[in-house]
Amino acid sequence: MQQPWTFYLYLVFSGLREWIPLPSHRYLSPKQQRIWSHKRRVIRRVWLASMGVVLLHPALYMLLAVSLFATFLSFAIIDEFPGS
């Protein structure tokens with residue numbers, strides 16, 4: 001028998017699925033697909049740079065501060081107006 005919390009997680013994620021625009025969907029134009037791929041590359045570079053900073057200065061407070069900043073920056077890049 002399935003656990004009740006897994007059923008609720010399924011309901012939440014199935015409801016979010018239609019609100020999350022992914023580049024693999026066919027409703028995105030070629031321009032939007034290029035924008036998404038560019039954003040993915042920028043976000044990947046942000047996280048690689050933050051990993052480099054953490055490796056240069058390995059401390060717990062640095063790990064937390066840099067990871068929170070990288071997360072904030074990633075969400076800010078994703079949340080940009082799609083036409084920009």
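Proximity of Met51 to Leu48: side-chain heavy atoms (C-beta onward) are separated by under 4.5 Å at one or more points. In this structure, Trp47 and Thr71 have side chains that are in contact, with non-hydrogen atoms separated by less than 4.5 Å. Considering only heavy atoms from C-beta on, Ile43 stays 4.5 Å or farther from Phe75 through its side chain.
When each of Arg34, Arg40, Arg41 is checked for a side chain to side chain contact (heavy atoms under 4.5 Å, CB included) with His38, only Arg41 meets the rule.
Considering all non-hydrogen atoms of both residues, Met62 and Val54 come closest at O-CG2, 4.3 Å.
Taking hydrophobic clusters as Ile, Leu, Val, Met, Phe, Trp and Tyr residues chained together by side-chain heavy-atom distances below 4.5 Å, Leu68 does not share a cluster with Leu73. Both Ile78 and Phe69 sit in one connected hydrophobic cluster of ILVMFWY residues. Membership requires side-chain heavy atoms under 4.5 Å apart, directly or through other members.
In this structure, Ser74 OG and Asp79 CG are separated by 12.0 Å, a value rounded to the nearest 0.5 Å.
Classification of the His57-Tyr61 ring pair by plane angle, with boundaries at 30° and 60°, yields perpendicular.
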